[in-house]
Amino acid sequence: MMEKTYQPGQIESQWYAFWEEQGFFKPSQQGEPFSIMIPPPNVTGSLHMGHAFQDTIMDALTRYYRMQGRDTLWQVGTDHAGIATQMVVERKLAAEEDKTRHDLGREAFLNKVWEWKAESGGTITRQLRRMGASVDWSRERFTMDEGFYKAVQEVFVRLYDDKLIYRGKRLVNWDPKLHTAISDLEVISEDEKGKLWHFRYPLANGVKTADGKDYLVVATTRPETMLGDTAVAVNPEDDRYRDLVGKTVVLPVVNREIPIIADSYVDMEFGTGCVKITPAHDFNDYEVGKRNQLPMINIFTIDASIRDEGEVVNSDGTPNLDMQAAIPAGYPGLDRYEARKKIVADFEALGYLEEIKDHALKAPRGDRSGVVIEPYLTDQWFVAVKALAEPAIKAVEDGDIQFVPKQYENMYFAWMRDLQDWCISRQLWWGHRIPAWYNDQGNVYVARNEEEVRSKYSIDASVALHQDEDVLDTWFSSALWTFGTLGWPENTRELQTYHPTSVLVTGFDIIFFWVARMIMMTMHFIKDEDGKPQVPFKTVYVHGLVRDSQGAKMSKSKGNVLDPIDLIDGIELEPLVTKRTSGLMRPQDAQKIEKATRSEFAEGIASYGTDALRFTFCSLASTGRDIKFDVGRIEGYRNFCNKIWNAARYVLMNTEGQDCGQNNESYELGLAERWIISRLQETEQQVEKAVAAFRFDQASQAIYEFIWNEYCDWYLELSKPVLWDDAASAELKRGTRRTLVRVLETALRMAHPFMPYITEEIWQKVKELAGKSGPTIMQQPYPVADASRIDPEAAASIEWLKGVILAVRNIRGEMDISPAKAINVILAQGDDSDRARLQANQSFLMKLAKLESIRWLAADEEAPMAATQLVGAMQVLVPMAGLIDKEAELARLGKEIDKLLKEQQRLQGKLGNESFISKAPEAVVAKEKEKLADAEAALAQLREQVSRIESI
RNA sequence: AGGACCGUAGCUCAGUUGGUUAGAGCGCCACGUUGACAUCGUGGAGGUCACCAGUUCGAAUCUGGUCGGUCCUACCA
């Protein structure tokens, strides 16, 4: 016997373990392959709403295609997440042992990270199981497992040998806190208020400007970088300065003579039209420097404080040993911001500070450290992306890869067509160490390991080699995800079978980080037998961000994060407050967060269960837009689960231990059965169409409406008069029981990809009654619509029935007739088909509308005093025998008449329009005419009623 | 600066190729525990589809513009 109410906790605990133990998640190795790669979450992270959303969609797809008989692989794994993980462990180390990673040394520190991974690495996979994710755990991978080491080395070495990876001294984004280079993508620019300082640079050798001044004025937002200036640039078209090009200025404070150059980069309209050029500390200046062969002077240490002496580098990146770049006394060792103050003060003292203006600027900050990023000259490894990008662009242009929704393709193209070389080296310890070795002269050798280096480059064992200290950008290894997980560089059966993968499900925020790079890497390394590059996936389904109910991004610092597990299990208010207010970056926010939490979740969060959460995500997944997560929504779907639960209880009560035609006994299907079966086929068609279009909202809505509004609201009610009628035939009763249980069983299969637990739980109870067998619903065939069972006649008949019932209920409601009171109904003005339908549906009508009697108005009979409703042209009369509230009924009729009058007017206007008649398609005109006729007929009837009532 | 997306009921959102009386869920109001379900049932109220102009016989839907919001990309020192 089933519990009276749906309790997700009880039913969700067992099934997952059963599925996993039985190996149901593994590919069947039969049928057409279908494969999805999970975007690997951070191995030490925990599940957030974005994951939960994404995993729901992937699991729905996986279960759907698995049930359709496809050979389905959902590949699971985790990412080592270089910077993020290293930072966590460093913070732990600082908090617990007051040590830095340098105190431990590389090897000991890495051991700590591996320990941390072992300790916390199970969290996210445990949570993934809670979500019901049907991933193949036997194939779980990690981006730093042995196979990935192999794949990463292979890719690096081959790209290097193909000249697609190179090393060089370049200006890169440097994080002065983390002491590593980062890629362009890891730099977030933020609006900040700053200043624009205007400095005078005196002209050397007595030269004067056209207007007689002996100095130029340059403006800068970064005064301290002037220590590294190597030129002043003006626009070549600028008449004001044309004669000064080739002359020099003397850099104040440092007293270095630097040239005035002409470069079209300079905007004549902005500021004074003179720009200080600091090639080593500004990306634009770097380009100017390269064009004009300016030396570059690095003035910063890795902390972005001032060096003892500038490091001079030629514009091609080679060391410049000829030029000295002394740094004035008082500056070395100063932090960049202290240096800025001192420079400004020194300029002021020298009388060279022209003015200071407020200036809105975009500060580049590291996405992990939050500090201002410094353009910095260092030796780094790069991927030359141009050659890789071309086929990757073409694949999307040609439709080999399709984005859903399509608009993301533009975003992809825009980025790919303006791609800069990718800086892949990171000065971290946690990650894939770069497979490059150096001898004492600094010559570089790239191979899979030291042994191979020696043989490849014929280096004697006596020559000392040391490996590059740097590791690779995390995204370098994740770019290999689709093929690395399938055993590449070996040409495995899995690689042949499941690659290219079917669909990638991901957020738009990592299209550049991950999706684009996967496409480039995959197409370069994975080829068909005929040599054609393989794409990593055929479709990219891009979903939106999960936001809070107000539309704000969920973040720890705002204290508005919802934990999917809390929505599943529920959480009391106090622990929720504690959870949201602990470990804040800014503890002063705690009070505000606590207040907001207490008001939004006064009762804590109820336990809604995984199925309700998943169904909520599906219903919100419309067109790749961001979704605002409202707890009211999940409550509604928890109620839906309860509805299914209770429908199943009803079905079991009426079928268990009884004959439901399991053994092909003869049975009869009545109108109601034909109707619900017909509606089921239509729903199956809708769901199929929706899933094919990745419209999970439409799929879930179709299922919801079918189960609640058709099956529960109507069919279960329609089954009662039959099952409880002693006079009904055994065949009809059997047909009803059979339909009850089979439609339920089919609906469960239809819903299973979206709500796996409750469907499995109930399916196990009804499968035999429905004539099915098997260990799990997971392996049952997905319902396929049978168009021949779509039954327009049954549908019309039941729609008629519903119309009459609704009319009676409406009268009851409006006339305030107790639902408990059985009433008499008279039908009038009907045609033959109405008469046939009453005949067919009379017993339903009696029971569902709670009638005392129903009959047709006789031909010569005058209609009694009654409340009236129309069903098509037919009148439904509820005689009120003196009890009628005259005013109420007149008001009710008046409302109806007003509505019809408006409709009539609209239609008459339309049909009176010559050009509508002549230009609109005939079918449309005919339809409008029919509508007008219906409206006018109804109007006439209602008016007749009004005059009758008024005449009392 | 360029681009994308969005603006529909109190809230969250659907609305296919232009032809609906513009829908759903939640919330709201009224009534109701009849033998699946009060995590329920029945009925009801609630919309100038942001605004303006255009195309069209016909616009929530197509075009242009205005206003408001979100986001991305690139930035001028």
Side-chain angles (χ1 to χ4, degrees), chain A residues 2 4-6 189 196-198 218-222 225 233 265-267 269-278 282-285 359 361-362 405 407-408 410-411 414-415 418 508-509 511-512 544-545 547 549 551 606 608 612 619-620 622-633 635-654 689 693 695 697-698 701 704-705 709 712-713 716-717 720 724 806 809-814 816-820 847 850 899-900 902-903 906 910 913-921 923-925 927-928 931 935:
Chain A
M2 290 170 73
K4 190 173 172 185
T5 54
Y6 163 68
S189 66
L196 194 58
W197 287 269
H198 290 68
V218 298
T220 180
T221 55
R222 302 281 320 269
T225 63
Y265 152 72
V266 180
D267 179 356
E269 309 298 320
F270 188 89
T272 58
C274 299
V275 183
K276 66 189 268 304
I277 301 297
T278 322
D282 182 282
F283 286 102
N284 287 312
D285 294 5
H359 186 70
L361 55 89
K362 299 261 188 186
Q407 75 237 22
Y408 287 106
N410 291 329
M411 191 168 143
W415 191 69
D418 187 31
F508 68 92
D509 49 331
I511 289 180
F512 304 146
L545 235 53
R547 298 170 174 277
S549 59
Y608 296 113
S619 71
L620 294 171
S622 59
T623 49
R625 293 172 50 175
D626 287 355
I627 60 179
K628 293 185 198 174
F629 196 92
D630 188 347
V631 175
R633 206 67 196 249
E635 192 179 334
Y637 292 117
R638 190 271 318 268
N639 295 352
F640 178 50
C641 291
N642 186 61
K643 193 75 183 174
I644 297 174
W645 185 260
N646 277 291
R649 285 182 66 223
Y650 169 81
V651 171
L652 283 172
M653 280 176 188
N654 287 287
K689 202 174 148 200
R695 289 299 302 268
D697 58 328
Q698 291 174 346
Q701 200 188 334
Y704 181 97
E705 277 175 8
N709 302 340
C712 291
D713 284 354
L716 294 193
E717 296 307 319
K720 289 173 185 174
W724 298 346
L806 257 26
R809 282 179 186 165
N810 180 267
I811 290 172
R812 277 185 189 276
E814 302 268 314
D816 220 9
I817 301 169
S818 158
K847 166 83 180 151
K850 196 159 173 76
K899 231 190 263 179
L900 285 166
K902 253 165 86 185
E903 171 82 350
R906 192 180 63 84
K910 215 168 184 179
N913 184 339
E914 271 310 313
S915 35
F916 173 70
I917 302 290
S918 58
K919 291 187 180 170
V924 173
V925 177
K927 203 172 142 197
E928 297 297 301
K931 276 196 233 164

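Protein chains get the first letters and strands the later ones, always in sequence-line order, with residue 1 at the start of each.
- Here the P atom of nucleotide B:A74 and the CH2 atom of A:Trp415 are 10 Å apart, to the nearest Å.
- Taking the P atom of each, B:G10 and B:U21 are spaced 22 Å apart, rounded to whole Å.
- Distance OH (A:Tyr408) to P (B:A4): 14 Å, rounded to an integer number of Å.
- Take the nearest nucleotide of RNA chain B for A:Lys362 and for A:Lys927: the residue whose nucleotide is more 5' is A:Lys927.
- Remark: side-chain polar atoms of A:Arg547 are not paired, donor with acceptor, to backbone N or O of A:Phe629 under 3.5 angstrom.
- When distances run from any side-chain atom of A:Leu806 to the nucleotides B:C37, B:G43, B:U70, the shortest one goes to B:G43.
- Going from the P atom of B:G23 to that of B:A60 covers 14 Å, rounded to whole Å.
- Residue A:Lys919 places its side chain closer to B:C57 than to any other of B:A77, B:U16, B:C57.
- Between B:A77, B:A36, B:C13, one nucleotide has an atom nearer to the side chain of A:Arg649 than all others, and that is B:A36.
- Atoms OH (A:Tyr650) and P (B:G35) sit 13 Å apart, rounded to a whole Å.
- Note that A:Lys720 lies in the cation-pi zone of A:Tyr650, set by a 6.0 Å cut-off to the ring centre and a 45° limit from the axis.
- Taking the six-membered ring where the residue is Trp, A:Trp415 and A:Phe512 present parallel rings, their angle staying beneath 30° rather than reaching 60°.
- The NZ atom of A:Lys850 sits 13.0 Å away from atom CZ of A:Arg809, with the distance rounded to the nearest 0.5 Å.
- Donor-acceptor pairing under 3.5 Å, judged by distance alone, is absent between the side chain of A:Arg809 and the base of B:U42.
- Regarding contacts with the backbone of B:G44, a side-chain N or O of A:Asn810 is found under 4.0 angstrom from either OP1 or OP2.
- For B:G35, the base is stacked against the aromatic ring of A:Trp724, per a cut-off of 5.5 Å between centres and 30° between planes.
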